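Right, one structure below, let's go through it.
We name chains A, B, ... by the order of the sequence lines, and we start the count at 1 in each one. Just so we're clear, the structure is a prediction, and the values are computed from it rather than from any experiment.
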Number of protein chains: 2
Amino acid sequence: MASVTIYDVARRAGVSIKTVSRVMNSEPNVRPATREQVSAAAAALGYSPNLSARSLAGSKSYVITILLDASLTLDHWRSERGADYLTRIQLGATQSCRASGYHLLLELIDHDIPHIRQEVNDLLAALRPDGVILTPPSSDNEIVLDLLRKSRTPFVRLGPERALPGGLRLRLDDRGAAAQMTKALIDLGHSRIAFVMGDQRYGSSLARRDGYLAAMADNGLPVDPSWMQPGAYTFLSGFDAARNLLALRDRPTAIFASSDDMALGCLAAAAEAGFAIPGDISVAGFDDSTASRFSRPSLTTVRQPLVELAEMAAKALVNGDVPPDCDSDADLDQIPGFKLVFRQSTAAPNSR
Amino acid sequence: MASVTIYDVARRAGVSIKTVSRVMNSEPNVRPATREQVSAAAAALGYSPNLSARSLAGSKSYVITILLDASLTLDHWRSERGADYLTRIQLGATQSCRASGYHLLLELIDHDIPHIRQEVNDLLAALRPDGVILTPPSSDNEIVLDLLRKSRTPFVRLGPERALPGGLRLRLDDRGAAAQMTKALIDLGHSRIAFVMGDQRYGSSLARRDGYLAAMADNGLPVDPSWMQPGAYTFLSGFDAARNLLALRDRPTAIFASSDDMALGCLAAAAEAGFAIPGDISVAGFDDSTASRFSRPSLTTVRQPLVELAEMAAKALVNGDVPPDCDSDADLDQIPGFKLVFRQSTAAPNSR
DNA sequence: CTGAAAGCGCTTACAG
DNA sequence: CTGAAAGCGCTTACAG
C-alpha cells in the first residue's frame, strides 16, 4: 500500500495541492463546493497528512512533550506503591492532545548536570515540540528553562517552586486544601490537631503547613509547638512523627499528615503503640494515593485535581495560549477543584 | 536561537552534508579523522538531526507507537484501583526506546467499529511509526491487524488470543504460573484446592485454569467439580464464588482465584462469613496488583514480568527483528520470569 | 477564491 | 573515502 499523498487527493478532486492543504487545515477561501469535493476525495483515499512533512514545512509539529525526571519516575513506576499521580497527569494531558489532533510524547530525562543540557537540547532540536509540560523537579530546573526560552518553545511549569521567568505556571491549591481539611477535623469536634510537615524543599510542604496554621488561627485554636512535627513525605518520617505525638503527655486527638505516605506511617505507629484509629486518634492524609484507599483503616485524605491540571496545561499549549515569552502571574494560576475524601481513619474525638 | 542544521555542521567541519549524515548515522566509509572533526563540530554547535526531516527523507521515523483501547484505558486510569499493569508496560517499552534513540507514542483508540479503521489509518499515515505494539484487545482486532499488514508496519501483539497471521506474538506464561502457584499451595499441605476462573473470553483465563488442573493431576489430587467456580475477573464474581465455596459441606482449604480482583472478593466474602484468612482458608490471587499489597490480609499472588514483556516487544521493533511479513510461532514466544509472591493470605491448612 | 514556485532538513541513489 | 543532485510531502509567501 503505497501511501497516499496530497497530490493523490488533488488529482482526484481536480484541484491544486494548495487547495487540498487549505481544506485539510480548515483555512478560509475555499468555495463550499470545492471543499466538499476535496473532503470526499480525501475520505475516499483514506488520506491523512504526513506529520513529518507538515512539521518540516510548517511551523507546527503537533507534538506536545511532557518532561519527567527519569530516575524519580522509574522509582515511582517500579515502587510497590505505584505512581498514581503520574498516571493522572498523563491522562489529563492525553485528553487535551487527543481532542486537538496533537500527540503527547512522554520523555524521561536524567537530571544529572552533565546529561541534562544535552538531553533536553537534543529533544528540542529533534522533536521541535509545539509545547512542553514540565513536572517537578524539571519545573524549576534552570538549565531546562534556559533551553526552552532560547528555543522559544512555549512551556508550562507544573507545581513550580520558584517564580522564575518564562512560561505558564500552574499550581494546585495546597494551602486552601490543607486549610479545608483542618477545618473539617475541627468541625468533627477536634481542637488538639497535630500536623506532620512534608519535605521542606518543596513549596507544597510549606503551603500545606500554612493552610493548617491559618485554619487553626481562624478558628481561634492554639497550636502547641510540640504538635508541629517535621517530616519528609515518607512513610518512615510519618511513623516517627506519630510516635512522638502519641508519647506526648497531653496528646492530640487528631493528626493531619500532609502526605498519604506519612499518614500511613502514622497508622502503623498507632497500631504498634496499641492506639485504635479513629477511636483513640484520627489520622488524615493528603494525595488520595492508591494506598490510601486500601489501607486499614482506609485513609481520609485530599484529592487534588491532577487530571484537570494536566488537561489545562496541555490545552493551553495546544491552543497557543502560551506564547514563547509568556510570563504568567503566579497568583492567578491555582487550579481549583480539590476534594476532601472522608474514609475510615477520622471520626469525632473520644468516639470509641 | 535559529536552529542549527546539517549545513551548519558541514560548513564548520569543512565537509559536505552527506559526510555529516554519515557520521550522525554511524555509517562506514568516513576517515576517522574526518569523523572526529564532524563530531566535534556537531557537539560545538549542539546539533541534533531534525526528526521530521529524517523521517520524511528516509525510511525510519524513530517512533514506536503503543496502541491502547481508549475506553478501557480511561476506565483503568480513572478507577480507584489504578492501572499498575499499564504503567509497567509503558515503563518497559520506554526503556527500550530510550536506549535506542526512539520515541514512544502512546495512542488511545476507540474500538467502536465506525471509528477504529479511520483512527488507526490516520495514525499510521500521519506518524508512520517504525513499529506498533498492540495491547489487548487491539492484539486481536482484525481491522487493526489488516491496516498494519497493508501498510507493512512491523508490529507486536501482546497477549494475543488467536493465532492470526502477521506480527510477532508475545505472551506470558499464564499456564506455567498458575501451575506453579497451585503446586505451592500443595506444598503448603493443601489438597482440597478450589479454583475461580476468569472471564472465559480471554485466553489467559483458560491457560490459568489449565495450569491449575495440570498441577492437581500431576500431584495425583482429584478435583471436585464444585471446586471449579466460574468468574469474570471482577471483585464481585470472586465474592460470589467464595460464598459458594465456603458454603460447601466439605469445603476446600484453599482458594486459588485467577485474578487479584477476584481474590479480593474472596477475602471480603470470607470476612463476611466469619472465616479467618489464612487460618480457616487460604486465598491466592494472580497479577500482583497494587491492591494485593495493601489488602488485609495482603495477598499471595503471581507477578508476571510485564516490564520485561514490553521491553522485549519494543526492543524487537527497534532492532528491526520484526519484518513486516513476520509471522511468529506462537509456541516460542512465552516470556519466562513470573514470580510467586507470598504474603499473608496463605498458610498451611488448619494452622489457626 | 485558487494555484505555481520555493523551500523546510534531511536521506537515497548514484557518480567519482 | 567523499560529494552533487534529486526528492520525501507538506506549508509558506506570493501572484493572480
When you measure from the side-chain N and O atoms of [X] to the phosphate of [N], is any distance below 4.0 Å, counting only OP1 and OP2?
{"X": "B:Tyr7", "N": "C:dG7", "result": "no"}
{"X": "B:Ser59", "N": "C:dT12", "result": "yes"}
{"X": "A:Ser52", "N": "D:dC8", "result": "no"}
{"X": "A:Arg31", "N": "C:dC1", "result": "no"}
{"X": "A:Ser21", "N": "D:dC10", "result": "no"}
{"X": "A:Tyr47", "N": "D:dC10", "result": "yes"}
{"X": "A:Ser16", "N": "C:dG3", "result": "yes"}

Could you go through nucleotides 13-16 of chain D and list every protein N or O atom that sits under 3.5 Å from one of its N or O atoms, giving the distance for each pair?
none

Are the side chains of [X] and [Y] in touch, meaning some heavy atoms are under 4.5 Å apart?
{"X": "A:Met312", "Y": "A:Asp321", "value": "no"}
{"X": "B:Met24", "Y": "B:Val9", "value": "no"}
{"X": "A:Pro129", "Y": "A:Ile64", "value": "no"}

What is the distance, to the nearest angstrom, from the [atom1] atom on [X] to the [atom2] atom on [N]?
{"X": "A:Asn25", "N": "D:dT12", "atom1": "CG", "atom2": "C1'", "result": "12 Å"}
{"X": "A:Asn29", "N": "C:dG3", "atom1": "CG", "atom2": "P", "result": "13 Å"}
{"X": "B:Gln37", "N": "D:dC1", "atom1": "CD", "atom2": "P", "result": "15 Å"}
{"X": "A:Arg54", "N": "C:dG7", "atom1": "CZ", "atom2": "C1'", "result": "18 Å"}
{"X": "A:Lys60", "N": "D:dG9", "atom1": "NZ", "atom2": "P", "result": "22 Å"}
{"X": "A:Ile17", "N": "C:dA4", "atom1": "CD1", "atom2": "P", "result": "9 Å"}
{"X": "A:Glu36", "N": "C:dC1", "atom1": "CD", "atom2": "C1'", "result": "16 Å"}

Remember a base hit wins even if backbone is also touched, and classify A:Asn50 as base, sugar-phosphate or nothing at under 4.0 Å, heavy atoms.
->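 The residue A:Asn50 makes sugar-phosphate contact but no base contact.
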Which is true for B:Ser55 with a 4.0 Å heavy-atom rule: it touches a base, it touches only sugar-phosphate, or it touches nothing?
->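 Answer is nothing: B:Ser55 stays at 4.0 Å or more from every strand.
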Applying side-chain hydrogen bond (donor to acceptor under 3.5 Å, both in side chains), can you list everything that pairs with [X], at least two apart in sequence or on another chain?
{"X": "A:Thr65", "result": "none"}
{"X": "A:Thr94", "result": "none"}
{"X": "B:Arg128", "result": "A:Ser3"}

Please, what dot-bracket string fits DNA chain D when only Watson-Crick and G-U pairs with both distances under 3.5 Å count, crossing ones use [ ] and pairs to another strand use |?
-> |||.||||||||.|||
Mapping B:Thr19 and B:Gly58 onto DNA chain D by nearest heavy atom, which one lands closer to the 5' end?
->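 With B:Thr19 and B:Gly58 compared, the 5'-side residue is B:Thr19.
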Listed nucleotide nearest any side-chain atom of B:Ile6, set D:dC1, D:dG9, C:dC10 |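 Minimum distance to the B:Ile6 side chain belongs to C:dC10.
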Report the nucleotide, chosen from D:dT2, C:dT2, D:dG3, that has the shortest atom-to-atom distance to any side-chain atom of B:Thr34.
->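 Among the listed nucleotides, the one closest to the side chain of B:Thr34 is D:dT2.
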When rounded to the nearest 0.5 angstrom, what distance separates CD in B:Gln95 from CG in A:Leu108?
->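 If we round to the nearest 0.5 Å, B:Gln95:CD and A:Leu108:CG are 8.0 Å apart.
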Without placing hydrogens or testing angles, list every side-chain donor-acceptor pair under 3.5 Å for residues 31-42 of chain A, not counting sequence neighbours.
residue: A:Arg35; atom: NH1; partner: A:Glu27; partner atom: O; Å: 3.4
residue: A:Arg35; atom: NH2; partner: A:Glu27; partner atom: O; Å: 2.8
residue: A:Ser39; atom: OG; partner: A:Arg35; partner atom: O; Å: 3.0

Hey, which of these two, B:Leu56 or B:Glu27, hits DNA chain C nearer its 5' end, going by closest nucleotide?
->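 Residue closer to the 5' terminus by nearest nucleotide: B:Leu56.
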Between B:His111 and B:Ser71, does any side-chain donor sit less than 3.5 Å from a side-chain acceptor?
->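 Note: B:His111 and B:Ser71 side chains miss the donor-acceptor criterion.
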Test applied, side-chain contact (heavy atoms from CB on, under 4.5 Å); reference residue, B:Leu105; option that passes from B:Leu67, B:Leu123, B:Val63 |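 The residue from B:Leu67, B:Leu123, B:Val63 that satisfies side-chain contact (heavy atoms from CB on, under 4.5 Å) with B:Leu105 turns out to be B:Val63.
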